[in-house]
Amino acid sequence: MAKALEGVRILDFTHVQSGPTCTQLLAWLGADVIKVEKTGSGDITREQLRDIPGVDSLYFTMLNHNKRSLTLDTKSARGKAVLERLVKHCDVLVENFAPGALDRMGFTWERIQELNPRMIVASVKGFGPGPYEDYKVYENVAQCAGGSASTTGFDDGPPLVTAAQIGDSGTGLHLALGIVAALYQRKSTGRGQRVLAAMQDGVLNLCRVKLRDQQRLARTGVMQEYPQYPHTKFGSAVPRAGNASGGGQPGWILKCKGWEKDPNAYLYFIAQAPVWKEICKAIGKEAWITDPHYATPDARLPRLMEVFAEVERWTLTKTKFEAMAELNKHDIPCGPILSMEELAAEPSLRATGTVVEIDHPTRGKYLSVGNPIKMSDSPTEVRRSPLLGEHSDEVLKEIGFDESEIRALRNEKVI
Ligand code: CAO
């Protein structure tokens with residue numbers, strides 16, 4: 001079956017995580033992604049966090065599926081000549097170098113436009129234009145600079161970063177959407193354009209509910225659904241809210257049976273207002289259905305911790321799965337805390353291709369997260385990541401080099 005982005009050629013200059021997340025998604029949607037890597041060493045993540053000596057790391061393999069790999073020394077004159085041909089051949093150049101690196105290589109926006117006015121140049125940078133635009137950025141820097149860390153964690157502890165890679169993978173997602181939109185716009189304009197996704201902006205976008213709360217706090221001085229209320233005073237900035245829900249329905253993480261030994265025997269419970277009656281019945285507190293101190297969402301706000309403690313008395317008698325099944329019988333929303341071990345073994349995720357087993361020539365079998373976006377007319381088949389330079393000859397032939405020219409490039413260590 002044809003793929004959504006079939007025929008789109010991506011010149012993939014990305015490395016580490018943010019850029020590769022973006023181009024992997026585009027590859028899964030059907031684009032031909034040609035990953036250009038440093039001759040000899042390649043993407044630094046090939047050798048980072050290795051679990052098998054000499055074999056591409058899971059860090060690399062899990063971010064570079066369905067791509068082709070071409071090695072190229074883009075700082076040499078002959079390497080630049082090859083790159084020029086690639087720019088003419090491709091539709092999109094994606095990069096996440098440190099600020100200015102592409103310009104220093106000689107491939108400014110103006111030069112790229114001269115070579116190929118239809119080319120879309122898409123970049124991940126740490127910061128957008130402003131005082132920090134020249135700074136290098138990694139995941140946790142973006143989480144801190146984008147507002148996530150200051151609003152994650154508990155009130156009496158330090159700021160926390162989250163395991164979800166919202167800075168890297170989150171920004172890669174933003175960039176992928178920008179690229180697809182630019183390809184769409186190019187259909188009518190015939191021109192490429194620059195697409196920028198700054199990691200700080202991406203994280204802030206994902207934290208927009210906290211900017212909402214900042215303004216609520218500034219206006220009213222209090223946020224009643226936060227665990228600080230009514231016992232602690234609020235400061236001037238949005239505080240860390242522990243496990244409180246970011247939305248209008250209060251929630252908290254509760255212990256379940258076995259929590260003493262299992263660090264993940266917990267359930268996220270949501271005291272959703274429309275099912276308050278069902279919640280009271282499920283936990284055996286029918287009196288709360290009519291008690292004016294508990295009957296309405298507003299009345300419950302100063303008593304949320306008491307409500308959660310009561311629900312927890314009930315969840316402690318059940319495993320997280322039993323509690324989830326029981327609550328869902330009454331449409332009460334909740335979520336078990338699933339470990340990576342549990343997710344890796346979950347049959348339904350394997351069945352949908354969200355978790356896939358891949359075979360790799362030097363690594364053997366490993367698990368990866370497949371394409372989380374499912375399209376009825378553009379199914380994803382996850383293929384293993386390329387070995388370093390695996391497709392150099394193939395790609396060079398496609399752009400017009402013959403065997404002897406390729407041999408010369410190899411002898412000169414350009415590829
Ligand atoms: N051939 C020759 N040289 C190459 C090359 C190739 N194929 N590919 C890259 N290079 C060169 C670059 O041109 C650059 O050279 P100069 O510094 O002389 O211009 C050099 O390699 C290093 O590139 P870099 O600065 O991007 O890499 P770094 O390891 O120093 O920094 C990172 C890494 C991620 C901090 C930086 O790239 C960055 O800030 N990127 C933008 C934000 C981002 O994506 N961060 C997320 C990374 S994932 O956590």
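Residue numbers start at 1 and run along the sequence shown. Whatever order the structure lists ligands and atoms in, that order sets their numbers, starting from 1.
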Inset, instruction - Kindly check if the number of other-residue, nucleotide or ligand heavy atoms within 6.0 Å of OH (Tyr132) is above 12? - result: no
Legend entry - Gln17 (side chain) donor-acceptor with Leu63 (main chain) under 3.5 angstrom: no
Legend entry - Side-chain touch Leu26/Val180, heavy atoms, less than 4.5 angstrom: yes
Legend entry - Within 6.0 angstrom of Glu341 CD, more than 12 heavy atoms from elsewhere: no
Legend entry - Test: Glu114 and Arg111 ion pair at under 4.0 Å: yes
Inset, instruction - Run the salt-bridge test on Arg68 and Asp32 with the 4.0 Å N-O cut-off and return the result as yes or no. - result: yes
Inset, instruction - Work out whether the distance between some heavy atom of Gly19 and some atom of ligand 1 is less than 4.0 Å. - result: no
Legend entry - Over all atoms of both residues, closest heavy-atom pair of Pro20 and Asp43: CG-OD2, 4.3 Å
Inset, instruction - With heavy atoms of Val16 as the reference, note each atom of ligand 1 found under 4.0 Å away. - result: 47 (C), 48 (S), 49 (O)
Inset, instruction - Go through ligand 1 atom by atom and flag the ones less than 4.0 Å from a non-hydrogen atom of Asp168. - result: 46 (C), 47 (C), 48 (S), 49 (O)
Legend entry - ligand 1 atoms in contact with Lys136 (distance to a heavy atom under 4.0 Å): 25 (O), 28 (P), 30 (O), 31 (O), 35 (C), 39 (O)
Inset, instruction - Using distance alone, decide if ligand 1 has a nitrogen or oxygen within less than 3.5 Å of any nitrogen or oxygen in Leu72. - result: yes
Legend entry - Those atoms of ligand 1 less than 4.0 Å from some heavy atom in His15: 26 (O), 27 (O), 33 (C), 37 (O)
Inset, instruction - List every atom of ligand 1 that sits less than 4.0 Å from any heavy atom of Val124, numbering the atoms from 1 in the order shown and giving each element. - result: 41 (C), 44 (O)
Inset, instruction - Compare Lys38, Lys80, Lys75 and give the one whose heavy atom is closest to atom 22 (C) of ligand 1. - result: Lys38
Inset, instruction - Of the side chain and backbone of Arg104, name the one, both, or neither that has a heavy atom under 4.0 Å from an atom of ligand 1. - result: side chain
Legend entry - Nearest-neighbour protein heavy atom for atom 40 (N) of ligand 1, which is reported as residue plus atom name and distance: Asn96 O, 2.9 Å
Legend entry - Any Asn66 side-chain heavy atom under 4.5 Å of Val382 side chain: yes
Inset, instruction - Among all protein heavy atoms, pick the one closest to atom 6 (C) of ligand 1 and tell me residue, atom and distance. - result: Thr74 OG1, 3.2 Å
Inset, instruction - Just need the protein heavy atom nearest to atom 12 (C) of ligand 1, so name the residue and atom and give the distance. - result: Met105 CE, 4.1 Å
Legend entry - atom 45 (N) of ligand 1: the protein heavy-atom neighbour that sits closest, reported with distance to 0.1 Å: Val137 O, 2.7 Å
Legend entry - contact_flag Met199 ligand 1 heavy-atom lt 4.0 Å: yes
Legend entry - Backbone of Arg9 reached by a side-chain donor or acceptor of Asp91 within 3.5 Å: yes
Legend entry - Test: Arg85 cationic atom under 6.0 Å from Phe401 six-membered ring centre, within 45° of axis: yes
Legend entry - Nearest protein heavy atom with distance in Å, relative to atom 9 (C) of ligand 1: Phe97 CE2, 3.3 Å
Inset, instruction - Considering the heavy atoms of Ser18, write down every atom of ligand 1 situated less than 4.0 Å from one of them. - result: 43 (C), 44 (O), 46 (C), 48 (S)
Legend entry - Salt bridge flag under 4.0 Å for residues Lys67 and Glu37: no
Legend entry - For ligand 1, the portion of Leu102 having any non-hydrogen atom under 4.0 Å away: neither
Inset, instruction - In plain terms, say whether Lys125 and Glu95 are close enough for a salt bridge, that is, a side-chain N and a carboxylate O under 4.0 Å apart. - result: yes
Inset, instruction - Quick one: look up the protein heavy atom nearest atom 33 (C) of ligand 1 and list residue, atom name and how far away it is. - result: Tyr138 OH, 3.6 Å
Inset, instruction - Considering heavy atoms of the protein only, find what lies nearest to atom 25 (O) of ligand 1 and give residue, atom and distance to 0.1 Å. - result: Ala98 CB, 3.1 Å
Inset, instruction - Give the atoms of ligand 1, by number and element, whose distance to some non-hydrogen atom of Asp73 is under 4.0 Å. - result: 1 (N), 2 (C)
Legend entry - Minimum side-chain heavy-atom gap Asn371-Leu29 below 4.5 Å: yes
Legend entry - Per-atom contacts of ligand 1 with Gln17, taking only distances under 4.0 Å to non-hydrogen atoms: 48 (S)
